[in-house]
Amino acid sequence: MKTSAVAEPCPCCHDVSTVRPKLLLIDEAWVEAPGTDPRLAFWASMRVDDVHPEVRREAPLEQFVDGFYCERCAKGFVAEATLNEARRKYWR
């Protein structure tokens, strides 16, 4: 029987028994440039500037964050506590 020491529940199924720690690769931070469509800021699952700076790794590895993976839902996610309150909201 598999047990999990992870206390972060899956945001989809709300179960902790199928969640395991995983290193996740997220999209780079959004930098607005002249001539770019501002809607592209939301064209990502998660961006580096959506997580707290103390959680990020040093450049050039800042896109790798410690997160979790739910084997039941086949989805990766990060703990809610690691996300900025002013983060962008994405469509699921």
Side-chain angles (χ1 to χ4, degrees):
M1 183 174 178
K2 187 169 34 171
T3 60
S4 176
V6 178
E8 189 72 25
C10 173
C12 296
C13 68
H14 308 288
D15 191 12
V16 294
S17 65
T18 58
V19 174
R20 63 181 172 86
K22 184 168 178 86
L23 186 64
L24 303 173
L25 175 65
I26 60 176
D27 284 347
E28 64 187 346
W30 170 252
V31 179
E32 190 169 354
T36 59
D37 187 346
R39 294 176 296 178
L40 292 176
F42 298 92
W43 193 260
S45 296
M46 181 179 300
R47 292 192 179 272
V48 170
D49 47 345
D50 291 333
V51 297
H52 290 295
E54 58 270 10
V55 179
R56 297 182 212 152
R57 288 177 164 66
E58 301 236 354
L61 302 175
E62 64 269 3
Q63 286 182 257
F64 290 96
V65 294
D66 291 317
F68 303 97
Y69 180 78
C70 178
E71 294 176 352
R72 175 184 292 157
C73 301
K75 295 216 179 247
F77 63 96
V78 297
E80 190 68 30
T82 64
L83 297 172
N84 291 328
E85 281 192 29
R87 69 186 182 268
R88 287 175 288 274
K89 304 297 184 199
Y90 301 97
W91 293 98
R92 291 186 186 203

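The distance from the CD atom of Glu28 to the CZ atom of Arg47 is 6.5 Å, given to the nearest 0.5 Å. Distance check, rounded to the nearest 0.5 Å: SG of Cys13 to CD of Glu71 gives 11.0 Å. Here CG of Leu83 is found 11.0 Å from CZ of Phe77. Values are rounded to the nearest 0.5 Å. Within the model, atoms CZ of Phe64 and CG of Leu25 stand 5.0 Å from one another, a figure rounded to the nearest 0.5 Å.
Ile26 is not connected to Leu61 by any chain of hydrophobic side-chain contacts under 4.5 Å among Ile, Leu, Val, Met, Phe, Trp and Tyr, and they are in different clusters.
Taking the side chain as every heavy atom from C-beta outward, Val78 and Leu24 approach each other to under 4.5 Å. For the pair Cys70/Cys12, no side-chain contact is recorded, criterion being any heavy-atom separation below 4.5 Å from C-beta on.
Residues satisfying the ring pair (Phe, Tyr, Trp, His ring centres under 6.0 Å) test with Tyr69, not counting sequence neighbours, are none.
The number of heavy atoms from other shown groups lying within 6.0 Å of CD (Glu58) does not exceed 12.
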Task: salt bridge (Lys or Arg N to Asp or Glu O under 4.0 Å) assessment of Asp66 paired with Arg57 - done: CA-CA 10 Å; Asp66 291 317; Arg57 288 177 164 66; 3.3 Å; yes
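The main-chain N or O of Thr18 is never found under 3.5 Å from a side-chain atom of Arg72 such that the two would form a donor-acceptor pair. Here the side chain of Arg56 pairs no donor or acceptor atom with the backbone of Gln63 at under 3.5 angstrom.
Taking every heavy atom of both residues into account, Val51 and Asn84 meet most closely at O-ND2, 3.4 Å. Among all heavy-atom pairs drawn from Val48 and Glu62, the shortest one is CG2-O, 3.7 Å. The minimum heavy-atom distance between His52 and Ala81, with the atom names listed, is CD2-O, 3.2 Å.
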